[in-house]
Trainee: 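To start, I am sharing the structure in question, which I have written as structure tokens.
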Amino acid sequence: MPAREGTYGLLAEFDTPGDLVRAARQAHQDGWRRMDCYTPYPVEEAAEAIGFHRNKVPLLTLIGGLLGGAAMFALQTWISVLAYPINVAGRPTYSWPAFIVPAYEWTILWAGLSAAFGMLALNGLPALYHPLFNAPNFRDGATTDKFFLCLEALDPKFDLAEAKAYLQQFHPNSVVEVEY
Amino acid sequence: MATREVKPNDPAIDPATGEFRVIAPGQTFRSITEKIVRIVLTPHTPMGWFGLFTVAGGGAVMLLVALTWLFLKGVGIWGITQPVAWGFAIINFVWWIGIGHAGTLISAILLLFKQGWRNSISRFAEAMTIFAVACAGLFPLVHMGRPWLGYWLFPLPFTMTVWPQFRSPLMWDVFAVSTYATISVVFWYIGMVPDLATMRDRAQSKIAQYFYGMLSVGWRGSIRHWMRYETASLLLAGLATPLVLSVHTVISFDFAVAVLPGWHTTIFPPYFVAGAIYSGFAMVLTLAIPLRKFYHLEQLVTERHIDNCGKVMLATGFIVAYGYAMEAFMAWYSANHWEAFTFWNRAFGPMGWSYWVLITCNLAIPLTTLWSRKLRTNIAFMFFISIVVNTGMWFERFVIVVTSLTRDFLPSSWGTYRATKWDYMTFVGTLAFFTFLFLLFVRLLPMMPMNEIRMLLPGAKIKPKVAEAAD
Amino acid sequence: MAQIFDRSSNALARMSIVLTGLIVIALGVTLDQLQRSPWVTRQGQRADQPVPFSHKHHVQGLGLQCQYCHTTVEKSSYAGIPPTRTCMNCHAQIWTNAQLLEPVRQSWYTGQSIPWIKVHDLPDYVYFSHEIHVNKGIGCETCHGRVDEMPLMYAQNTLQMEWCLGCHRNPAKNLRPTSQIYNMDWQEPAEDHPVWCAAADNKPGVPTAESVSCTTKDPASSPESQAALTSPAIPVPVSMTTGTSTQMTPNQSAATLEAQKFTSQDALGHFLVVHYKIRTPKDLTSCEVCHR
Amino acid sequence: MSAEKSKSSAVEKPVGSEVNDAKHNANPAAVAQGASSEPMTLEAVRRELKGAKGKEYWRSLDELANTPEFQAAVEREFPAAAQEWVDPVSRRGFLRLMGASMALAGLAGCTKQPDEPIYPYVKAPEDLILGKPMYFATAHPFSTGAVPLLVKSDEFRPIKIDGNPEHAYNHGGSDPYSQGTLLDLYDPDRSQHVTYRGENREWEEFAEALRDKVTSTKDGSGIYFLSAAITSPTLARQWQEVQRAYPKAMLAQYEPAIAGTFLEKGFNVQYDLSQADVIVSLDADFLSGAAYPGFHKLVRDYASRRKQPENGMNRLYAVESTTTTTGMKAEHRLGLRASEIPAFAAALAQAVGVTYFNPPVYAWTDEQKKFLEAVAKDLKANAGKSAVIPGLYQDPWVAQLAMDMNNALRNTGATVQMAGHSTDPGVPEPTDQLGDFKSLVADLNAGRVDWLIILNANPIYDAPADLDFADAFNKANVVAHLGSHYDETGHQAHWHIPAAHYLESWSDARAYDGTVSIVQPMIDPLYGGRTAHHVFQALLNDPMVSPYDAVRETWKPVIKGDFETGWRKALHDGWIEGTAYRLDIVSGIEGMAKSLEEAKSKNLLPAGWPSNVPVPTPKDSIEIIFRPDPNIYDGRWANVGWLQELPKPVTSLSWDNAAIVSGATLSKWGLEEDDIIEISVGNGRVKAPVIVAPGHPDNSVTVYLGYGREFAGRVGSGQGFNAYLIRNTWAPFYATGAIRKLEGKWGIAITKSHFQDQRGATFGEQGHGNNSLEADEALGERGIIRYATLDEFKANPNFAHEGERYETPSRDTSLFPNWPYNEANAWAMSIDMNSCTGCNACIISCYAENNIAVVGKQQVRIGRNMQWLRIDTYFEGDLAAPRAHFQPMNCQHCENAPCEQVCPVGATVHTPEGLNMMVYNRCVGTRYCSNNCPYKVRRFNFLLYSDYETESLKLMRNPDVSVRSRGVMEKCNYCVQRINAAKIEADKENRNIRDGEIVTACQQACPAGAIVFGNINDPNSRVSKLRAQQRSYQVIADQNARPRTQYLAEVLNVNQELEEAPVEHAPAKG
């Protein structure tokens, strides 16, 4: 992506999840959309506050699982029935009960991998560089004990001065401007 | 059952529940973060760590020697023979895999059951799982007569155009174990990402920052990320649960599918799984108890955890006991001579001693004592129990694998089994290797999930405005 | 508390992920190709032989037949490497002081073997029998290629298991009349050059090799091929090597034979499968056929 | 391979070459090379290698082997080896790479082979078809009678030895000894050059020295020969000529296992057990091995009367002093101490009407009395249809009495023929061996011996202890030793001449029935060995006459019609027509008289005849019984790995001999198995491990001869203890001695598990204290051994399938559809437990056919022996007086094979014809199959067992069978290489495989014809018919694995009078 210039957004820091949630809920009611919360642990209320409800991870997982299972079962059947059919212990070449086990394992394997890497992908990770890291107080708090609300510049309502003022009403520890 | 009456002013007790606290009082987000991060980011490593690390490293080298000799000479250097063609290698394999189960169980199943207390022990339990599986995975490979052909067990397009034989439980193992290893690692890593981010942000040195920065793939705690993250972990937990159950079931198929009396038993799957969890929790204790002492983590790994582990062991221990009872019962009730004789031989044959060791270590000692809360919360005793149970579970596998094989269908080809020094070196070697890896983990990675522990703190409670105003 | 990584690192990170994937795939493909490569199979490689013996010269040029040297090909699992004496049969008279033949003469005088390098070298746990293949209608050329056009001998095929199975799973595609075994440029039947075959009702006891007689000229039309059909049953040497020959080895008089016309290898193959009593693919792909 | 075709070539081959080649070369190729100009010879190589020993030796030989000179040399002297490109050497080289080197780890799927050289002949032998074996008839000359053989030869290397199927004496049957001689031929430790005081010399030098010496003596005084028992009529003839030329030259024969027996005197009896309803063995072990004269015929006839119980069968009584398979097979067995047997024989003789003497008074126990009466009664009831067989290692009285009984019972002329009394002696040179040996020693001590020439004997090792031969030995001026190994005697002698193996040289020999076989060479002497023929001939006027000519000379007068034709026929068939002993039909009293005067004339009569039958020693005295070893005989085969590793019958002891006692005696002396005891007889003392043999008489100890070799070779040296040290001329077969417990354990290797059934004790009951746990299980709940008495069988022919655990699941007891086996062939095997006498011939045959590795004592101790086929032995009932059941156990080729299902790589799978195939090169070695095999017949190469170093062994291997490397599972595969060869022939000839066309190695070797292999899709095949019998059952049938190998249940023709407790063919729950 072309390196953007200018302001990424405004970052308000809170001490408690409570404050954050109230602020976020208010902002959302006031029509802010391009915003995000940053917390050291998942705060579900905050997600609801900014109206983030469902995600695509489960779907990916389901698809991955089904594909994995089907692939394995098909492979086994092809090998034992078509590729080189041999009489093993007088068992039928199509010994489906035996084939279930590896197929089952692969269902789980691929479901699991899809879940994990799907999640990362949807989150746009890895993203080693991010404007937020420019904020002086962000890295010290966001992954430890501080709760942030960020109004992004891309939001149509966004205006640096107004936004700053708007955030101040929630009595954050600080409000800082984040550059790209 | 509580043998110890609850004193109102006991700090270890949560007055609300009357149960032990999961986390000792007076912890803040920052304090626990610091506590856990410091262990890793401290400039000077404790001497004790170095000492242990050297010892474990030495053991790992011994393992290397044993395996090198094995490759040069062949599996004949072990005690295996006719008719006992499987020995220590398979015993250790099953044992290690079993150990692994507790990790996944704690992090996955207890997560599904919303057992908050699991949070502070889940991380190193998972680490334990991975290293145990690593040790386990070693054995199926090296126990082969021609290990350099191990890749023939994978369905790959060779010019021979011959393929693996999927009716064999060993093939099932290949997939079960590899899946289990992969999923465990992923689950472990994903769980660690936010904490790695914390490490990144706590780290002072540039190298550390780069190291953890890379590992944490730029995690920044966005709430959207958190939500997807939560879903993913939940799904992984949901997948890991059937997986962990299936893995030891499949392992048990190695025996249950065979025709051998003493192996050919339908009860194996459930009681292998139970046994696995049994030994797994034992191992968790074996690790947790010294750890919390050494790094002063008593506030995070409290007596509550020890106590609960004890309860889980009690429960699974009884399932295992039921398994043994059933074997005995079926031996009589089935009126099947093969079974009857095999059971008789197990208990009273030339290898009978091993059976009684197993009974003592798995049933006699733990199942009588774990009832008492006093003992369950007696750290020293629990440590002892954990060792005992692990021994017992090892002997369970010994009895199943060796004793059954020494005397099977044809009396003419009965035999005996005596392990050689190479067997012991390999086994002890893997123990050392396990410790080695675990020490590295403790030193380099956050051994407790900070983000999950944070949720347990009072500070994480979101109070309505009014209440807030009140205080 | 500033950025740790540069802006570029995001792109870098994603790229490296993709790259890793590609590398893994590439590695797989390479290995898969390697195991079939001539480097492993020696396919098409000319070994450094003590004497640069030219099959082309001896077969095409002089018209020697295969069996003149490889005497036991029909009787034994080994086709047989000619003893020095066989070389000396001629080279006692001709090329008596050619430098090339020095090793041969050495061998003859000292009584020491000529140390040839094995060109068609199966793994030693593979038990291959020339006699059964030759007697069931697999021509030399099918496996060894146009030996008559090889100045220096090399392996035409990989001789790998998948290659063997290729034929054992469907023998029909390579079968030819036993009379054509030694024919180096045997043409699969086609519209423009069909083959007529007549099956003698092969009663048990009659070797399957003699149960079919074929010709490339329409037996109905050409009288001289009638002659061919009634000619003696022993393979006529000339016909073995001179590929163009229409000479065949019938095992009884043409009168009793109902010649059948074939215009495709497939049809001919299946006809021969029946009359040579070729075992089923199930039998032919069973492990003990080649491994003991 | 049709016998005719192959054997026709056998005719010219050795002859043709012989005629035009002085060095009696076994093939023309080599002859031709004789002409070629001065090349490197193996002699040169040997010189080069002088000093190098053992492994080192073969290493350096390996290096050498790559030089073209060596190749040429090898090719010249035995072209077989030159055929690198078909010889499995390179194959093994490759397998070794594959197996033993990690270098290939990454590549094993697409292994790059090293360049393999081809060494074609320079001049190919005319009728050699590479890849097609040839078959030559010959015979194994053995002191108890030659064994007619048909030898399979691959490119002129003998690679398999079997009985001559067309020979009237053994009908193709053989025995462990004969089978083992193959490995003896290729033994890398055979002596390789003539030496004089340790320095290499040429044979000619010796011959010259000897000849000069002897001629200088004029009359041969001072020239002494000490020879092993002479088995060759030609050799006997040559000796007689020598004696004619030098009357004072002396010959002593000494063969430790023969000296003092009735055989040495030529006492020659022929039995026809096919006519005998009742057989009584007086310490005669005629069922367990060739050590008993006429073994092959005896077993065959014995078995022939047990194959169809419904048509009546014979009954065998055995009275014996040590546990043998004969006694174990007997319906009724009485264990007596050796010294009691003459007295018992006397009592029995009297009971059946031999009256010319008074049996010694002796306090027989009631049991013994009862037994005696019953036997006597049965004998009289079956007069003329019975046979009494005397033990070879018993007092001559027993033989005499046995003959008298046979006469009195009018068996003579019917089941028994006294050939020896009226026509030829049983051995070419009858003599009193011990007597001669004594006088030889006397002469030695008196300094009368100038030259002592020892022929194929090893007296330093095996001379009777009391003669102190080693000392007397040094009193001779010159001692020459002709022997296959540089053995104990070789080390002491001045001259040592390597002896040619019988497969390397011309000779002749008589089978026990007298039929003469020509012994013809299969291969050039590997190490330029010579024979006794050469030695004697060297002293005669025409010293250059080769053994070949000598042998022809001998039989010229005998062979009728045109000699050349007759001679070729003899070589082709393997025997000379009409040379069998003439059996004069005399019987009864006249027979007795006749035999008596014969005996008198030949002074065969035992000491003290006619009245003093030897009196048994006191019951509490300890008797030491000497027997030749069932595997290595008198020690001559100590270096044959196959025979060393072979578990001995009854005791399953391998790699050692031991002091064998009864359980009661063991506990009485306060010993445990494997304890070390000291046995002393006279002045001799030996340390021996003690083991128990069920049914062994109390207060007596059996020791096998032949062990404790000092210079046997890499395999045999130092195994076991030397029992000759306590064996004296005055008591060659059994002596009273003493034992003393010593400290420590010996570390014996016993291959079968043996526990006492103490299960009852576990629960406070007393249990079947003295039963074998294994047997109680096998005969009990598990139904592994099933048998009935004749009466029970007649009452219920289906006994083998009745009773709940005996039932065989029906074909549709399966979750899956049955796999169709509708090919032309479906292979299967039937093993007749009634015929099997547990002689082990099949096992050694299997070794040779399938290139099975020898693993060594330590590996056997921990249970890793590689035999594909084993004889399971179960001792039923009280271990003090058990009955044994022998069960040959090899891969059962289950249709629902448990092993196959669990193999992750499909290395063991089923063929369309129902073989359970093991694909070695696919095996990765998880050993799961072995665990899951109910019969535990799979064998695993835990280490690198196959020998890739030793050159000579490479020549021996069967080129049609892969040599298995380390980490690979292996097992019996019904000799699939033979099946495939037959299939190719049949396919070429456009026909089905004939019944009996394919014979497995074990079947081929079995002298009792107990094993039958064939096609069960052909209802008329022998195997189908056998399996159709009601007695045919599957072992462990209830597992529904559907084994293709089935067993015919035993039927015992017991004598009700002696049947104490009703036989438990269906015993109570164990």
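The figures that follow rest on heavy atoms only: side chains count, while hydrogens, waters and symmetry mates do not. Protein chains get the first letters and strands the later ones, always in sequence-line order, with residue 1 at the start of each.
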Trainee: Could you tell me which non-hydrogen atom of D/Ser962 sits nearest to which non-hydrogen atom of C/Tyr127, and how far apart they are?
Mentor: N-OH, 2.8 Å
Trainee: Return the option, out of C/Pro82, C/Ala47, C/Ser76, with the maximum number of heavy-atom pairs under 4.5 Å with chain D.
Mentor: C/Ser76
Trainee: Distance from D/Ile118 atom CD1 to C/Ile114 atom CD1, nearest 0.5 Å?
Mentor: 11.5 Å
Trainee: Taking D/Asp987 first and then C/Lys277, would you say they form a salt bridge - that is, a charged N and a carboxylate O separated by under 4.0 Å?
Mentor: no
Trainee: Just verifying a value: how many Å separate D/Lys132 NZ and C/Lys75 NZ, rounded to the nearest 0.5 Å?
Mentor: 10.5 Å
Trainee: Does any heavy atom of chain D fall under 4.5 Å from the side chain of C/Asn135, the backbone, both, or neither of them?
Mentor: side chain
Trainee: What closest approach, in Å, do D/Asn980 and C/Val289 show between heavy atoms, and which atom pair accounts for it?
Mentor: ND2-O, 3.8 Å
Trainee: Quick one: closest heavy-atom pair of C/Pro115 and D/Tyr119, and the distance?
Mentor: CB-CE2, 3.7 Å
Trainee: Decide, yes or no, whether a salt bridge links C/Glu288 with D/Lys983 under the criterion of side-chain N to carboxylate O below 4.0 Å.
Mentor: yes
Trainee: From C/Ser286 OG over to D/His910 NE2, what is the distance, rounded to the nearest 0.5 angstrom?
Mentor: 10.0 Å
Trainee: Just how far is it from atom SG of C/Cys287 to atom CG of D/Leu915, taken to the nearest 0.5 Å?
Mentor: 11.0 Å
Trainee: Minimum heavy-atom separation for D/Pro120 and C/Trp116, please, with both atom names.
Mentor: CG-CD1, 3.7 Å
Trainee: Decide yes or no for C/His291 and D/Asn921: does some side-chain heavy atom of the first lie under 4.5 Å from some side-chain heavy atom of the second?
Mentor: yes
Trainee: Name all residues meeting the salt bridge (charged side-chain N to carboxylate O under 4.0 Å, His left out) criterion together with C/Arg292; count only those two or more places apart in sequence or in a different chain, and write none if there are none.
Mentor: none
Trainee: Could you give the distance from NE2 (C/His130) to CD1 (D/Ile984), rounded to the nearest 0.5 Å?
Mentor: 12.0 Å
Trainee: Do D/Val122 and C/Trp108 have side-chain heavy atoms sitting under 4.5 Å apart?
Mentor: yes
Trainee: According to salt bridge (charged side-chain N to carboxylate O under 4.0 Å, His left out), who are the partners of D/Asp995, at least two apart in sequence or on a separate chain?
Mentor: none
Trainee: Is chain C contacted by the side chain of D/Glu970, its backbone, both, or neither, given a heavy-atom distance below 4.5 Å?
Mentor: neither
Trainee: Side-chain contact, heavy-atom cut-off 4.5 Å: D/Glu823 with C/Lys282?
Mentor: yes
Trainee: Quick check on C/Ser107 against chain D: is it the side chain, the backbone, both or neither that has a heavy atom closer than 4.5 Å?
Mentor: both
Trainee: At what distance, to the nearest 0.5 angstrom, does OH of C/Tyr125 lie from CZ of D/Arg922?
Mentor: 10.5 Å
